[in-house]
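See below for the structure under consideration.
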Protein chains: 2
Amino acid sequence: MGATKTDHFSEEQNKLAIMMKALGHPARIAIMEHLISVDSCICGDLVNVLPLAQPTVSQHLKELKNAGLIKGNIEGTAICYCVDKDAIAELQRYLANTTLQLEHKEKSCC
Amino acid sequence: MGATKTDHFSEEQNKLAIMMKALGHPARIAIMEHLISVDSCICGDLVNVLPLAQPTVSQHLKELKNAGLIKGNIEGTAICYCVDKDAIAELQRYLANTTLQLEHKEKSCC
DNA sequence: ACATTATATCGTAATATTGCAATATAGTAT
DNA sequence: ATACTATATTGCAATATTACGATATAATGT
């Protein structure tokens, strides 16, 4: 026990959960926000921006990348990380659809 | 170590991360989807719907409630859980805004 | 009062995450 | 070749999460 029973859920549910989980940490929210706010996406300054040590930032970046939320390219000496628009769009669509479904609901007891 | 450094991030970043984290598990995605799809929100059937034992489901519900994503009312013998529309709307707005920001971005190297 | 039903809590084992120091890797510059 | 800079990986300690059996709680029905 302790391991998530991913095989019991749909592929879509697992994929969504993976993306949500990746965003489920304030440092990773901050990373995403910084990647978006900076117009370019050369991101060597992330370590200076965040209150975390370099290996920790690197690890968070890896997790965001594994979840498909960011992409990384080698760009000469530095590495270029940037947000994967499609992944964010997918999350956004899901939540927009959820919101719609909720608006159409009548009976609500809480 | 091991504990998230919440005090180093903004309140909004922490709040978002808490909600995202709550959705970062396929069982909790499934719970939300079920709560939304069922027109009423008396939810004694959740245990039958999910491939998890009753205490586990109860624990997931508690986490969703702690994150502010669902509300629970005692409804006679059963307990009525339902989605907190405002919380979902908040998440949705955040992602919609993020998507907008991404659309306006020109330079993208990945 | 007693059984039944529905949900919550406790305790605990297995596993995962978080954070960082130390070290490795890879590219650039001298 | 050597030093420098930027990022990744390793190893490890502290903490958190996941899952569930056992048990508790609380309301209903008989």
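From a predicted model like this one, the values you see are computed outputs, not experimental measurements. Every chain is numbered from 1 and lettered A, B, ... according to where its sequence line falls, protein lines coming before strand lines.
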**Asked** Are OP1 or OP2 of D:dT7 and a side-chain N or O of A:Ser58 less than 4.0 angstrom apart?
**Response** no
**Message:** Using the rule given for side-chain contact (heavy atoms from CB on, under 4.5 Å), can you reason through B:Thr56 versus B:Leu50, listing the C-alpha separation, both sets of side-chain angles and the distance that settles it, and then say yes or no?
**Reply:** CA-CA 10 Å; B:Thr56 310; B:Leu50 295 170; over 6 Å; no
**Asked** CD1 of B:Ile31 versus P of D:dA19: gap in Å, rounded?
**Response** 10 Å
**Asked** Within this structure, what is the CD1-to-P distance between A:Ile29 and C:dT18, rounded to whole angstrom?
**Response** 12 Å
**Request:** Nearest whole angstrom, please: distance from the C1' of C:dT17 to the CE of B:Met20.
**Result:** 19 Å
**Item:** Nearest to side-chain heavy atoms of B:Leu61, which nucleotide of C:dA8, D:dA19, D:dT9
**Value:** C:dA8
**Complete:** One should read off an interatomic distance between A:Ile29 CD1 and A:His60 NE2, to the nearest 0.5 angstrom, of 11.5 Å
**Distance below 4.0 Å between A:Lys21 side-chain N/O and C:dA16 OP1 or OP2** = no
**Prompt:** With side chains defined as the heavy atoms from C-beta onward, is the minimum distance between A:Met20 and A:Leu91 less than 4.5 Å?
**Reply:** yes
**Separation of C:dT18 C1' from B:His8 NE2 (nearest whole Å)** = 13 Å
**Message:** Quick one, A:Ile36 and B:Thr98 - any side-chain contact, counting heavy atoms below 4.5 Å?
**Reply:** yes
**Item:** Protein-nucleotide distance (A:Leu52, atom CG; C:dG19, atom P), rounded to Å
**Value:** 6 Å
**Complete:** The residue, B:Pro55 or A:Pro55, whose nearest nucleotide of DNA chain D is more 5′ is A:Pro55
**Request:** May I have the distance from B:Gln59 (atom CD) to C:dC10 (atom P), rounded to whole angstrom?
**Result:** 12 Å
**Prompt:** So which one's nearest nucleotide on DNA chain D is more toward 5', B:Gln54 or B:Arg28?
**Reply:** B:Arg28
**Message:** It should be established whether A:His60 places a side-chain nitrogen or oxygen under 4.0 Å from OP1 or OP2 of nucleotide C:dG19.
**Reply:** yes
**Request:** Look at A:Tyr81 and D:dA8 and indicate whether a side-chain polar atom (N or O) is within less than 4.0 Å of OP1 or OP2.
**Result:** yes
**Asked** Can you list the steps and then say if A:Ser58 with A:Lys62 is a side-chain contact (heavy atoms from CB on, under 4.5 Å)?
**Response** CA-CA 6 Å; A:Ser58 187; A:Lys62 193 179 176 184; 6.0 Å; no
**Request:** Using a 4.0 Å heavy-atom cut-off across all strands, classify B:Glu63 as base, sugar-phosphate, or nothing.
**Result:** sugar-phosphate
**Request:** Check the distance between D:dT5's P and A:Asn48's CG and give it to me in whole angstrom.
**Result:** 13 Å
**Whole angstrom value for the distance that separates P of C:dT18 from NZ of A:Lys62** = 13 Å
**Asked** Closer than 4.0 Å, any side-chain N/O of A:His25 to the OP1 or OP2 of C:dG19?
**Response** yes
